[in-house]
Amino acid sequence: MSEAPILKDTTRSSGREALQKNIQAAMALAEAIRSTLGPKGLDKLLIDDEGRTLVTNDGVTVLETAKVEHPVAKMMINASSTQDRIAKDGTTSTVILAGEMLQNAWQLILQGIHPSTIARGFRKSEQYLLQCIADIAFESDRDMRHTVVKTALAGKGHSSMQEIVAKLSLEAVEMVADEDSSVDLSKIKLISQTGGIVEDCIVLRGLMLPKKRISSNMKKEIIGGKIVLIDGGLEKKTVSSDLKLNVTTTGIFESFRQEERKMLKQQVDQLVSHKISVLACRESIDDEIRNYLAEHGIQAFRRVARSDLNMLAKVCNARTVGSVGDLTDDDVGAFVSSKNITLDNKDFWVVEGSGNAATIVAKASTVDVVGEVERCFDDALGVSVQLIEDGLVVCGGGASYVALARRLRRYAETIPGREQLAVEAYADAIEVIVRVLAENAGIDPISALLDVVAEQTNADSNNIGINLQTGRPDDMLSHGILEPKGIVRQAIIGATEVAISILRIDDVLWAKQQMEMPELPEDEM
Ligand code: ADP
Ligand code: MG
């Protein structure tokens with residue numbers, strides 16, 4: 001049968017050949033970030049096409065920066081990005097897990113097991129693990145949460161930085177948490193400054209913006225009052241270029257200007273009638289009415305970014321309006337305090353309102369370090385949110401994965417037919433985390449895994465993982481190596497999803513040219 005015309009300029013690979021290529025691509029990608037996993041993971045130096053450099057060991061950052069062409073590799077990267085969005089951590093683990101699941105699936109395919117059978121077995125395994133993950137999780141207290149956030153930062157920055165980032169992130173998240181413990185991360189603002197040390201990072205209640213009131217005649221600090229947010233300015237109308245002003249008598253231009261000034265003052269009067277004491281505009285505020293505003297006790301700020309106006313709206317329960325003319329009482333917000341402060345010779349405006357908000361000031365010596373500190377805060381905040389919303393944690397150092405694999409093997413025995421093999425392959429795959437953690441710490445991966453499994457079984461404990469200092473199995477709980485249950489759960493969901501999607505592809509149609517295959521490490525397949 002001739003090819004359908006629609007496939008004319010298309011390269012096609014199908015069946016087992018397609019699957020093999022796809023699995024190779026997925027494994028190559030997992031291989032590329034394997035060495036960054038864990039506290040002993042190494043960093044990668046990334047250089048973009050404009051020569052900018054970035055040193056990181058964050059899996060998702062590496063993957064998102066790399067220009068990857070292969071569609072299957074892109075699927076893996078998407079899984080990692082999703083993990084980053086939902087759980088903020090476990091991005092490297094997700095990709096390594098998916099790579100290992102596919103490698104084990106390939107071994108089964110070589111034995112003649114159909115990919116759909118494997119996909120079904122993988123799905124069953126996932127569903128079973130999601131049920132029994134609750135058995136290995138436990139409730140955390142305040143101290144434990146601190147160590148959990150620190151574990152999430154392992155391998156990033158130095159230990160005093162991890163300490164302070166963990167502390168501040170938890171504090172910030174606690175400040176903005178609602179009564180039902182739900183957290184809206186957009187209520188936390190992260191601002192960064194170079195020229196300090198990490199130990200100088202601070203967190204404060206309310207919103208802090210690098211802004212100064214427009215006139216020093218205005219009050220520096222106001223306690224309690226009303227605020228208006230304008231998504232525009234308080235300016236004279238610019239005279240449009242094709243308008244001609246016929247000046248016939250002296251002073252006509254001046255009276256025109258006066259009229260404009262009067263209109264501006266009327267707007268201020270309107271603010272006064274609403275008893276406003278703080279004004280924030282996205283655009284400019286005319287110089288000529290600075291004093292008029294000050295005389296009426298209004299503290300004003302101009303050129304406030306729209307995103308900051310939106311945050312202010314949340315903090316003060318206000319609504320942004322297009323102009324003063326549109327203002328109604330419902331749009332007016334309330335603040336607890338609005339003050340101007342100086343920090344390291346820079347001016348800041350700090351607003352506290354009835355709505356919760358927090359600002360973290362990240363500091364470090366250079367731009368590169370500040371970038372890494374910001375990324376640490378990002379991770380730490382995400383993990384802190386998980387902990388505040390759901391305090392359940394599991395043991396790190398691969399302990400939770402081994403505990404889950406042990407349960408899965410027992411479950412496999414109850415499954416008839418070839419799916420049983422897929423469930424066993426899945427159990428083997430999730431143990432990869434211990435092997436890679438060991439590998440990256442220069443410990444023999446196979447013995448490490450076997451020792452951890454044996455120790456967990458003998459002690460009947462879910463908390464034994466690999467101690468990367470001694471290379472021996474150890475109780476992770478007593479060492480404070482813990483992670484949120486949500487991260488492990490999401491990593492399992494994400495990795496299974498992408499592995500199954502890749503297993504289901506049996507036909508690849510490439511337009512025009514053959515894509516380049518990522519390089520495959522030797523002796524893998
Ligand atoms: P990911 O992007 O998947 O979060 P990381 O590089 O952050 O990757 O590594 C996380 C893994 O490192 C987790 O499995 C965690 O349990 C493990 N880990 C972190 N600190 C330690 C430690 N001190 N000892 C053993 N394992 C650790
Ligand atoms: Mg991590």
Side-chain angles (χ1 to χ4, degrees), residues 30 32-44 56-64 76-77 79-100 136 147-157 159 162 165-166 169 372 375-384 386 393-405 430-443 445 448-449 452 462-492 494-495:
I33 56 163
R34 202 177 165 99
S35 67
T36 68
L37 186 81
K40 307 269 174 164
L42 298 179
D43 292 345
K44 302 241 174 232
T56 181
N57 87 5
D58 187 42
V60 72
T61 311
V62 176
L63 293 177
E64 285 178 351
M76 298 278 276
I77 296 176
S80 180
S81 306
T82 308
Q83 176 78 15
D84 192 45
R85 208 183 56 244
I86 299 180
K88 290 277 169 192
D89 195 22
T91 52
T92 315
S93 307
T94 305
V95 173
I96 293 179
L97 285 168
E100 196 72 11
I136 64 163
T147 49
V148 174
V149 184
K150 263 177 48 185
T151 307
L153 296 176
K156 302 192 172 82
S159 69
Q162 293 162 6
V165 170
S169 302
E372 190 68 11
R375 278 192 295 279
C376 282
F377 268 115
D378 257 354
D379 284 7
L381 285 169
V383 175
S384 305
Q386 303 241 349
V393 295
V394 294
C395 283
S400 57
Y401 291 102
V402 170
L404 290 174
I430 61 175
E431 286 172 340
V432 70
I433 299 295
V434 182
R435 282 192 275 121
V436 177
L437 285 173
E439 208 170 274
N440 289 346
I443 301 164
L449 175 60
V452 169
N462 304 316
N463 303 347
I464 312 280
I466 183 80
N467 180 330
L468 300 177
Q469 252 70 45
T470 61
R472 300 291 313 148
D474 214 335
D475 186 339
M476 295 289 116
L477 178 58
S478 66
H479 288 276
I481 301 166
L482 301 163
E483 43 207 3
K485 184 195 90 181
I487 286 175
V488 175
R489 183 176 179 275
Q490 193 55 44
I492 287 173

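Both counts, for ligands and for their atoms, begin at 1 and track the order of listing. Computed from a prediction, not measured in an experiment: that's the story for all the values here.
- Interface atoms of ligand 1 facing Gly396, defined by a heavy-atom separation under 4.0 Å, are 16 (O).
- More than 12 non-hydrogen atoms from other residues, nucleotides or ligands lie less than 6.0 angstrom from CZ of Arg34.
- Annotation: atom 21 (C) of ligand 1 to nearest protein heavy atom, Pro39 CG, 3.4 Å.
- A heavy-atom distance below 4.5 Å is not found between the side chains of Leu42 and Asn440.
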- Item | From CA spacing to verdict: side chain to side chain contact (heavy atoms under 4.5 Å, CB included), Ser93, Leu37 | CA-CA 7 Å; Ser93 307; Leu37 186 81; 3.6 Å; yes

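- Below 4.0 Å from some heavy atom of Gly90 lie the following atoms of ligand 1, by number and element: 1 (P), 2 (O), 3 (O), 4 (O).
- Looking only at protein heavy atoms, the nearest one to atom 15 (C) of ligand 1 is Glu483 OE1, 3.4 Å.
- Side chain of Gln83 to main chain of Ala491: a donor-acceptor pair is present (N/O by atom type, distance under 3.5 Å, no hydrogens or angles).
- Close approach of ligand 1 to Ser93 (heavy-atom distance below 4.0 Å) involves ligand atoms 1 (P), 3 (O).
- Among all non-hydrogen protein atoms, the one lying nearest atom 7 (O) of ligand 1 is Lys156 NZ, 4.0 Å.
- Considering only heavy atoms from C-beta on, Gln490 stays 4.5 Å or farther from Lys88 through its side chain.
- In this structure the side chain of Ile492 reaches within 4.5 angstrom of the side chain of Leu404, judged on heavy atoms.
- At a heavy-atom cutoff of 4.0 Å, ligand 1 is contacted by both the backbone and the side chain of Leu37.
- Residues Pro39 and Leu437 have side chains in contact (heavy-atom distance under 4.5 Å, counting atoms from C-beta outward).
- Residue Asp89 approaches ligand 1 through these ligand atoms, each under 4.0 Å from one of its heavy atoms: 4 (O).
- For ligand 1, the atoms sitting less than 4.0 Å from at least one non-hydrogen atom of Gly397 are 15 (C), 16 (O), 25 (C), 26 (N), numbered in the order shown with element in parentheses.
- Remark: minimum distance from atom 20 (N) of ligand 1 to any protein heavy atom is reached at Ala154 CB, 3.4 Å.
- Residues Thr94 and Ser80 form no side-chain contact, since every pair of their non-hydrogen atoms from C-beta on lies 4.5 Å or further apart.
- Between Glu483 and Val488 the shortest side-chain heavy-atom distance falls below 4.5 Å.
- For the pair Asn462/Cys395, no side-chain contact is recorded, criterion being any heavy-atom separation below 4.5 Å from C-beta on.
- The shortest contact between atom 2 (O) of ligand 1 and any protein heavy atom is with Thr92 OG1, 2.8 Å.
- Numbered from 1 in the order shown, with element, the atoms of ligand 1 that lie under 4.0 Å from a heavy atom of Thr151 read 19 (C), 20 (N).
- In terms of protein heavy-atom proximity, atom 17 (C) of ligand 1 is nearest to Leu437 CD2, 3.9 Å.
- With contacts defined as side-chain heavy-atom distances shorter than 4.5 Å, the pair Val432/Arg435 qualifies.
- Ranking protein heavy atoms by distance to atom 9 (O) of ligand 1, first place goes to Gly38 N, 3.1 Å.
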- Item | Full working for side chain to side chain contact (heavy atoms under 4.5 Å, CB included) between Leu482 and Met476 | CA-CA 7 Å; Leu482 301 163; Met476 295 289 116; 5.8 Å; no

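- Nearest non-hydrogen protein atom to atom 22 (C) of ligand 1 is Ile481 CD1, 3.5 Å.
- In Asp89, the N, O or S atom that comes nearest to the Mg ion (ligand 2) is OD1.
- Close approach of ligand 1 to Thr36 is summarised as follows: ligand atoms under 4.0 Å from at least one heavy atom of the residue are 6 (O).
- Below 4.0 Å from some heavy atom of Ile466 lie the following atoms of ligand 1, by number and element: 25 (C).
- If you look at Ile487 next to ligand 1, there are no close heavy atoms at all, none under 4.0 Å.
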